[in-house]
Amino acid sequence: MSVHDTRMVHAACPHDCPDTCAMEITVEQGRAVKVRGSDAMPFTHGALCTKVSHYLERVYSEKRLQYPMRRVGRKGEGRFERISWDEALDIIAAKFRDISAEDPRAILPYSYAGTMGLVQGESMDRRFFHRLGASLLDRTICASAGALGWKATVGASIGTDPEAVVDARLILIWGGNPIVSNLHGWRYLQEAKRRGARLICIDPRRSETAKKCHQHIAPLPGTDGAIALAMMQVLIAEDLLDHDYIARYTVGFDELVQRVASCTPEWAAALTGLDADVIRTLAKEYGKAQPSLIRLNYGLNRCAGGGMAVRNIACLPALTGAWRHAAGGALLSTSGNFPKNGQALERPDLYPNAEHFPPRTINMSTIGRALLDEQAPPIKAVFVYNANPVAVAPNTAEVRAGFAREDLFCVVHDLFQTDTADYADILLPATSQLEHRDVHSTYGHVYVVDNQPAIAPLAEARSNTEVFRLLAARMGFEEPAFADSDDALAAVAFRDQDARMLGVGAKVAAQGWARLNLPRPWVPFAAGGFHTPSGRCEFRSSLLERLGLDPLPAWHPPAESVSSNPVLAAKYPLAFISPPARNFLNTSFSHLPRFVEQEGSPKLEIHPLDATSRGIVDGARVRIHNDRGSFHARAVLTEDVRAGVVVSPSIWWQKLSGDGENANAVTSSALTDMGGGPIFYDCLVEVSLV
Ligand SMILES: Nc1nc2c(c(=O)[nH]1)N[C@H]1C(S)=C(S)[C@@H](COP(=O)(O)OP(=O)(O)OC[C@H]3O[C@@H](n4cnc5c(=O)[nH]c(N)nc54)[C@H](O)[C@@H]3O)O[C@H]1N2
Ligand SMILES: Nc1nc2c(c(=O)[nH]1)N[C@H]1C(S)=C(S)[C@@H](COP(=O)(O)OP(=O)(O)OC[C@H]3O[C@@H](n4cnc5c(=O)[nH]c(N)nc54)[C@H](O)[C@@H]3O)O[C@H]1N2
Ligand code: SF4
Ligand SMILES: [Mo]
């Protein structure tokens, strides 16, 4: 083969991961032969995680959907027959036309972060559903509670520059497992450790990351808010405060002092299952070390008090003045740094008849109930793309009952025949990231990453933008917005007049990625400049007050725990969490042989004390159950989980799990204290031998 047939294409890893790696794809004669991490892109640093290093196994998997299909079996059975794209699109358009003649809000789009690209994830699709006047979707399934708790305090999804953390002296890794889910971010934390930082991990489970930290603090799930309140109490009582920072850049300090006065480490000890001394020492250490960094992740926002927990933690660096330092402060997400142009991408102005049909919003976290509840209008059609709700949404029984409705018209667009796809009336094949154009912002660093198509769509796969362009044409939508090419969509993704984008577009075009035009080091709140209404860090939150919520930091207990719900705990005494498994990414790799082999089979980590009292030995098959449902797993006896807590690394495909269930058989569809998020990790169960 001649060298002329070989080319290198700039790409972005599309998955829901804070690292958004810059990739280089080698293409020979129209076939991708190699995927590697960009050496030049600082955050990617020449490496991809094990999942995406083997990306071609996903792209060229024999399990890829090849052509459109129509259901022939029962809903959920997964039997389909081939049809043409024309037939498929005609059926969908006819159905949508019928339904919308009466009330377009009976149609619901359902999408999340199958791809995080701004083009394939939130452009033509949104335009289409806006123009249709469909129900709006509140995309809460992951981060909405924590995002709101953070926003109430700091104002925007902005925090410490993840590349600056190397000079921190103390790092709290709180509710996150970066070795698994933020591997490139971990590289910087590790460098800080090498330079002498002390690392403390706060996680109910001794995670891969906790094992590499100097100290592991294991609270009961859903109790982080109490730890943070007690830390504030100690910081104030011991006067480990930056009074100048507090006076200049915060509001509500006096009220905060009153609020936390009774939140002593002894008070928190009873709630969190920790020794009061551990909390007191943590607070003192935090108050004395500078720069100190808190790397939060969303693990701690998946509980009834998750929004307030993040808010309480977000108050800490303003008390100690840690925000003054480039390496100090706190980081949950970097997404607010990107001047994304939502209006141009999504065109909410296309919504047609707001007067006749005032927009209706459906919360994706309670999709089962939304499909089952009587409401006006009922949901008659759902179009799922970039998501696998039957497997990932809480309380499977509810979700399945909703998707099993015979009178529900369901379209699923995916690369694979997922658990959700089995419920489709029409199943459409989607392109992979190598087959379409995109551009990415991210929530784990401050670089824009480009994605050029490397290969032609495989078989009859079509990209999200293409599907919605074709559907728009069939629906007779004639606005020029529906004629925009993917390049045109990518071109409007960011507000290029924004100072942060100055020079960025040209660099991205040339090298495939570029850092936002931010100062280096980027110290966002060194001198205040918070994005809250007051411009200060709001110990007293005007936003929460406006929403009718408690404006001050508070203790919001878990919905299901021994201390908050003793009646339920008498029946189901174990706190169950189902955090990300290393070789999976939500459900996006949980069906590919290499990764399933690496994870083995669904497992349940259980403390030997909890196991022995139930007659469970290592390797035994167990049933994890509560009133909502049950699933099976292999018991792994380990002291890595504290007694009283059981852990099942997730998310498995249900139909590949032996018993047809995964962790969400037992999770609750109750919602968080703010933001309408799910409470996956706030769940009591019992475990029995099968
Ligand atoms: N390999 C891999 N990477 C992923 C994902 C994946 O599935 N696999 N998922 C991606 C997605 S969608 C997201 S949102 C991100 C971040 O996803 P997160 O859900 O934040 O996941 P982790 O960073 O793995 O952190 C979860 C950690 O929080 C701990 N935890 C659970 N409950 C609590 C609690 O109440 N308090 C505290 N302190 N800790 C708790 C868990 O034991 C676990 O170690 O990761 C992304 N990256
Ligand atoms: N028990 C439990 N449940 C959880 C969690 C947990 O920790 N425990 N984590 C929760 C979290 S944090 C999240 S973010 C959600 C994740 O939930 P989802 O966002 O639904 O994530 P995935 O399961 O990875 O499903 C994404 C789907 O999109 C498809 N896809 C990828 N690219 C494209 C494309 O270009 N076009 C189309 N049409 N489809 C595409 C993929 O093949 C995949 O089937 O799960 C939540 N559920
Ligand atoms: S999943 Fe995350 S770590 Fe892996 S290649 Fe993608 S962005 Fe990088
Ligand atoms: Mo997520």
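Along the sequence shown, residues carry numbers from 1. Side chains included, hydrogens not; waters and symmetry mates left out as well; all remaining heavy atoms used. All ligand and atom numbering here is 1-based and tracks the order in the structure. Fair warning: this is a prediction, and the values are worked out from it, not measured in the lab.
- The nearest non-hydrogen atom to atom 30 (N) of ligand 1, considering only P204, P558, G176, comes from P204.
- In the vicinity of Y298, heavy-atom distances shorter than 4.0 Å reach the ligand 1 atoms 20 (O).
- Near P221, meaning under 4.0 Å from any of its heavy atoms, are these atoms of ligand 1: 35 (O).
- Counting heavy atoms closer than 4.0 Å to ligand 1, residue K51 contributes side-chain atoms (C-beta onward) but none from N, CA, C or O.
- Taking the centre and axis of the six-membered ring of Y112, the NZ or CZ atom of R139 falls outside the cone set by 45° and 6.0 Å.
- For H15 and F589, the ring centers sit closer than 6.0 Å to each other.
- Between T209, N297, I651, it is N297 that holds the heavy atom closest to atom 16 (C) of ligand 1.
- Of the listed residues (L172, D203, V647, D682), the one carrying the non-hydrogen atom nearest atom 29 (C) of ligand 1 is D203.
- Note: no N/O pair closer than 3.5 Å links N583 and ligand 1 by distance alone.
- Of the N or O atoms in T223, none lie within a sub-3.5 Å distance of an N or O in ligand 1.
- Residues satisfying the salt bridge (Lys or Arg N to Asp or Glu O under 4.0 Å) test with K211, not counting sequence neighbours, are D640.
- Y681 CD1, 3.3 Å is the protein heavy atom nearest to atom 32 (N) of ligand 1.
- Note on residues 430-452: pairs passing salt bridge (Lys or Arg N to Asp or Glu O under 4.0 Å), not counting sequence neighbours, are R64-E435, R437-D450, R437-D487.
- L604 has its side chain out of reach of V636: every pair of non-hydrogen atoms, C-beta onward, lies at least 4.5 Å apart.
- Using a 4.0 Å cutoff on heavy atoms, H15 does not count as a contact of ligand 1.
- Around atom 4 (Fe) of ligand 3, the protein contributes the following N, O or S atoms under 2.8 Å, ordered by chain and number: C49 SG.
- At a heavy-atom cutoff of 4.0 Å, ligand 1 is contacted by both the backbone and the side chain of D16.
- The only option from T115, T431, N464 that meets the side-chain hydrogen bond (donor to acceptor under 3.5 Å, both in side chains) definition with H436 turns out to be T431.
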- Would you sort out whether F43 and Y188 count as a ring pair (Phe, Tyr, Trp, His ring centres under 6.0 Å), showing the intermediate values? CA-CA 9 Å; F43 209 80; Y188 293 88; 5.1 Å; yes
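- Between C201 and C213, the shortest heavy-atom contact is CB-SG, 3.8 Å.
- Counting protein heavy atoms only, atom 47 (N) of ligand 1 is closest to S181 CB, 3.2 Å.
- Across the listed options P580, P178, S588, P219, P580 owns the non-hydrogen atom lying nearest to atom 6 (C) of ligand 1.
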- Task: Evaluate ring pair (Phe, Tyr, Trp, His ring centres under 6.0 Å) for F631 paired with F576, printing each intermediate quantity in order.
- Result: CA-CA 12 Å; F631 75 103; F576 171 71; 5.8 Å; yes
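- At least one heavy atom of Y443 lies less than 4.0 angstrom from ligand 1.
- Nearest heavy-atom pair across S441 and L118 is OG-CD2, 4.0 Å.
- Of all heavy-atom pairs spanning G225 and W555, the tightest one is C-CE3, 4.2 Å.
- Counting only heavy atoms of the protein, atom 1 (N) of ligand 1 lies nearest to V180 O, 2.9 Å.
- Note: an N/O pair closer than 3.5 Å links I202 and ligand 1 by distance alone.
- Salt-bridge formation is detected for the pair D161/R515: a Lys NZ or Arg NE/NH1/NH2 atom is positioned less than 4.0 Å from an Asp or Glu carboxylate oxygen.
- Counting the atoms of ligand 1 from 1 in the order shown, those under 4.0 Å from a heavy atom of R302 are 14 (S), 17 (O), 18 (P), 19 (O), 20 (O).
- Aromatic rings of F584 and W652 (six-membered ring for Trp) have centroids within the 6.0 Å cut-off, being under it.
- Short contacts between ligand 1 and F584, defined as distances under 4.0 Å to a heavy atom of the residue, involve ligand atoms 1 (N), 2 (C), 6 (C), 7 (O), 8 (N).
- Under 4.0 Å is where a charged nitrogen must lie from a carboxylate oxygen, and between R628 and E560 at least one such pair does.
- Using a 4.0 Å cut-off between heavy atoms, D224 contacts ligand 1 through its side chain alone, with no backbone atom that close.
- Under a 4.0 Å criterion applied to the non-hydrogen atoms of C142, ligand 1 contributes the atoms 14 (S).
- Taking a cut-off of under 4.0 Å to the non-hydrogen atoms of G222, the atoms of ligand 1 that pass are 34 (C), 35 (O).
- Of all atoms in ligand 3, listed by their number and element, those nearer than 4.0 Å to a heavy atom of H184 are 3 (S), 8 (Fe).
- When all heavy atoms are compared, the tightest approach of A393 to I141 is CA-CD1, 4.1 Å.
- Taking each heavy atom of Y60 and A32 in turn, the nearest pair found is OH-N, 2.8 Å.
- When non-hydrogen atoms are compared, ligand 3 lies under 4.0 Å from neither the backbone nor the side chain of M23.
- Residue N586 has at least one heavy-atom neighbour below 4.0 Å for each of these atoms of ligand 1: 6 (C), 7 (O), 9 (N), 12 (S).
- Minimum interatomic distance between V666 and C683 (heavy atoms only, all atoms of both residues): O-SG, 3.3 Å.
- Closest to atom 33 (C) of ligand 1, if we only count protein heavy atoms, is G299 O, 3.6 Å.
- The closest approach between any non-hydrogen atom of A581 and ligand 1 is below 4.0 Å.
- S38 meets the side chain to side chain contact (heavy atoms under 4.5 Å, CB included) test with A22, E24, A40, M41, W513; sequence neighbours excluded.
- Ligand 1 has no nitrogen or oxygen under 3.5 angstrom from a nitrogen or oxygen of P579.
- Ion pairing between a basic and an acidic side chain is recognised when a charged N comes within 4.0 Å of a carboxylate O; E208 and R582 show no such pairing.
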